[in-house]
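Encoded as structure tokens, the structure appears first; notes follow it.
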Amino acid sequence: MLANQLWERTCERLKKIFSAEVYRLWIARIKVLDFESNNLSLGVWDEFAQLWFKENYVSALEDALREITGESITVQVQVVSFEDHSEPSAEQESVPPKEDPAQNTDNQQNSAPAIPPTVYTPRAAAEVQNVLNPKYTFESFVVGTNSNMAHAAAMGVAQNPGKSYNPLFIYGGVGLGKTHLLHAIGNRVIDNAERAGKQVRVVYVTLEKFLNEYIEAVREQRCERFRRKYRRVDVLLIDDVQFLTGREGLQEEFFHTFNELYNSNKQIVLTSDRPLSEIKKLEERLVSRFSWGLVTDIQPPNVDLRMAILKQKAKDMHFQVPEEVCTFLAQKIRANVRELEGALIRMGSYINLTQASWSIETAKVALQELLSRQVAQAPNIEDIQKKVAMTYDIRVSDIISKKRPANIAFPRQVAMYLSRELTHQPLIAIGEAFGGRDHGTVIHACKVVENQMDVDDNVRDTIQKLKNELEF
Ligand code: ADP
Ligand code: MG
């Protein structure tokens with residue numbers, strides 16, 4: 001069968017499996033590259049899409065391919081150029097565009113339906129408001145498995161503002177690099193525009209400031225000016241939207257501003273220190289708007305990444321930090337990157353003042369208070385499920401599902417085993433988190449895994465590696 005034929009038939013199946021939205025955003029945009037030796041190569045538009053695909057859709061795709069051909073066909077996904085946003089293919093056209101007002105704006109161009117267009121008009125020079133920090137760039141951001149999705153999505157947005165993921169919603173605990181990524185997007189967008197001799201308006205603002213500005217505008221009867229200001233923006237970066245809690249009266253206004261921008265295809269990127277579901281009293285319609293595009297998270301860095309970050313920061317600050325001191329700090333300071341950075345700065349100034357040397361002894365003295373605040377952090381079950389899914393190249397939803405093929409059942413058992421070993425959660429809670437299984441199933445899973453570790457070195461190594469990576 002030819003690649004195109006095979007893909008067409010697969011798409012027909014996938015249309016039935018996935019929602020119209022998922023189909024339109026993900027499947028319809030794929031390019032078929034090649035079909036050879038039972039291997040189907042597909043092209044996607046950026047690294048985020050590649051990762052996302054691998055994690056969420058490849059196994060469903062392979063299932064569909066097996067049903068169609070009766071053979072087992074592997075799917076490979078690679079990043080290819082999507083420069084030509086020209087005519088959508090026949091397949092793409094056959095998918096009805098999303099029924100929302102955003103798709104019906106005046107400047108709707110003839111691009112693929114999943115990609116809302118952005119119109120760049122050449123203007124004089126880049127304009128930045130609320131100043132971006134030039135140090136917060138993609139280059140200075142150290143990427144690890146904790147943040148690769150968020151990082152890739154941010155890069156995607158920066159390369160094609162308004163076209164790929166809109167809005168992009170990034171959440172994660174404090175000090176994990178959300179603000180850094182927001183600025184990195186802004187900096188990259190401006191660099192690109194400058195290089196192309198175009199002008200672009202980027203606004204970075206914390207939600208708090210945005211709302212206060214609005215209140216002031218209302219008070220001084222300058223609402224129209226306020227709206228105009230934000231309507232002129234090409235890329236709006238809003239930091240810390242969790243502050244919508246407690247500002248319930250203002251959600252209405254925020255909702256309208258958001259809609260206005262979205263409807264004129266402005267790129268919006270939002271961050272929050274918690275997932276949408278945990279932003280208290282957030283109106284349902286805002287939750288739904290925020291999830292229209294892409295929601296992705298940043299997890300705390302593991303010890304290896306903390307090492308890498310420390311080395312990078314030490315280099316940036318021109319500190320000669322011996323390996324053992326880096327190791328010591330990376331092991332002791334676990335909460336977030338801001339604290340790691342803070343520790344280096346504090347130690348650096350202490351050494352500067354006292355002429356002490358970069359040693360573990362000095363660290364203990366200079367960082368006494370910081371070190372005493374560190375509490376052991378255990379990974380949670382969700383972390384474990386994600387990590388295991390990634391390692392075994394399956395979906396988290398498979399781990400939680402009732403499916404029982406061996407390629408899913410064993411990783412699921414591994415995830416249960418690791419949850420028992422690492423989380424201090426009761427067996428009942430572990431069973432619950434795995435699609436409502438009972439505690440007997442968890443005990444059985446642990447036995448199976450322990451037995452396998454005894455007889456199979458590969459299994460033992462994989463699990464040991466997982467454990468190391470999961471333990472902060
Ligand atoms: P958040 O907004 O999530 O609270 P920030 O973006 O303010 O966190 O990050 C806190 C500090 O840590 C910043 O100085 C930032 O540059 C640094 N930082 C965070 N994550 C990384 C990373 N992955 N690589 C390099 N620096 C980082
Ligand atoms: Mg921040």
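Nothing fancy with the numbering, it's 1 onward along the sequence. Remember, it's 1-based here, ligands and their atoms both numbered in the order they're listed. Worth saying up front: this structure is predicted, and the values here are computed from it rather than measured.
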Is it the side chain, the backbone, both or neither of [X] that has a heavy atom closer than 4.0 Å to ligand 1?
X: Lys135; value: neither
X: Ser147; value: neither
X: Gln312; value: neither

(Q) If the threshold is 4.0 Å, N to carboxylate O, is there a salt bridge linking Glu260 and Lys266? (A) no
Q. Is the shortest distance from a Lys or Arg side-chain nitrogen in Lys386 or Asp297 to a carboxylate oxygen in the other one below 4.0 Å?
A.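 Here Lys386 pairs with Asp297 in a salt bridge, since their nearest N and O are under 4.0 Å apart.
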Q) Looking at Val174, which atoms of ligand 1 are within less than 4.0 Å of one of its heavy atoms? A) 4 (O)
Q: Report, in ascending order of atom number, the atoms of ligand 1 lying under 4.0 Å from any heavy atom of Gly173.
A: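 Checking each atom against Gly173, I get 3 (O).
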Q. Hey, do the aromatic rings of Tyr136 and Phe141 have their centres closer than 6.0 Å?
A.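 No: the rings miss the under 6.0 Å criterion.
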(Q) Please tell me whether Tyr214 and Phe210 form a close aromatic pair, meaning their ring centres lie under 6.0 Å apart. (A) no
Could you tell me whether [X] atom [atom1] has more than 12 heavy atoms of other residues or ligands within 6.0 Å of it?
X: Glu224; atom1: CD; answer: yes
X: Glu278; atom1: CD; answer: yes
X: Gln320; atom1: CD; answer: no

Q) Hey, does the Lys NZ or Arg CZ of Arg285 hover above the aromatic six-ring of Phe255, less than 6.0 Å from the centre and inside 45° of the axis? A)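 Yes, a cation-pi geometry holds between Arg285 and Phe255.
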Q. So is Gly172 in contact with ligand 1, going by heavy-atom distances below 4.0 Å?
A.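 Under 4.0 Å: no for Gly172.
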Which residue owns the protein heavy atom closest to [atom], what's the atom, and how far is it?
atom: atom 4 (O) of ligand 1; answer: Gly175 N, 2.6 Å
atom: atom 8 (O) of ligand 1; answer: Gly177 N, 3.1 Å
atom: atom 26 (N) of ligand 1; answer: Lys313 NZ, 2.8 Å
atom: atom 2 (O) of ligand 1; answer: Thr179 OG1, 2.7 Å
atom: atom 25 (C) of ligand 1; answer: Ser140 O, 3.3 Å
atom: atom 14 (O) of ligand 1; answer: Glu341 OE1, 2.6 Å
atom: atom 27 (C) of ligand 1; answer: Val337 CG1, 3.4 Å

Q: Run down the list His180, Arg338, His151 and name the one with the heavy atom closest to atom 16 (O) of ligand 1.
A: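 Result: the heavy atom closest to atom 16 (O) of ligand 1 is in His180.
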Q: Report the member of Val142, Ile170, Ile345 with the shortest heavy-atom distance to atom 24 (N) of ligand 1.
A: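 The nearest heavy atom belongs to Val142.
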Q.
Going by side-chain contact (heavy atoms from CB on, under 4.5 Å), Val189 matches just one of Asp191, Asn192, Ile185. Which one?
A.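 For Val189, the side-chain contact (heavy atoms from CB on, under 4.5 Å) check succeeds only for Ile185.
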(Q) Using only atom types and a distance under 3.5 Å, with no angle test, would you say the side chain of Asn166 pairs donor to acceptor with the backbone of Ile268? (A) yes
Q. Looking only at N/O atoms, are Val143 and ligand 1 under 3.5 Å apart anywhere?
A. no
Q: Please state whether the rings of Phe254 and Phe258 are parallel, tilted or perpendicular, taking 30° and 60° as the class boundaries.
A: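 Aromatic pair Phe254/Phe258 classed tilted.
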Q | Whether Thr271 has an N, O or S atom under 2.8 Å from the Mg ion (ligand 2) | A |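 No N, O or S atom of Thr271 is closer than 2.8 Å to the Mg ion (ligand 2), so no.
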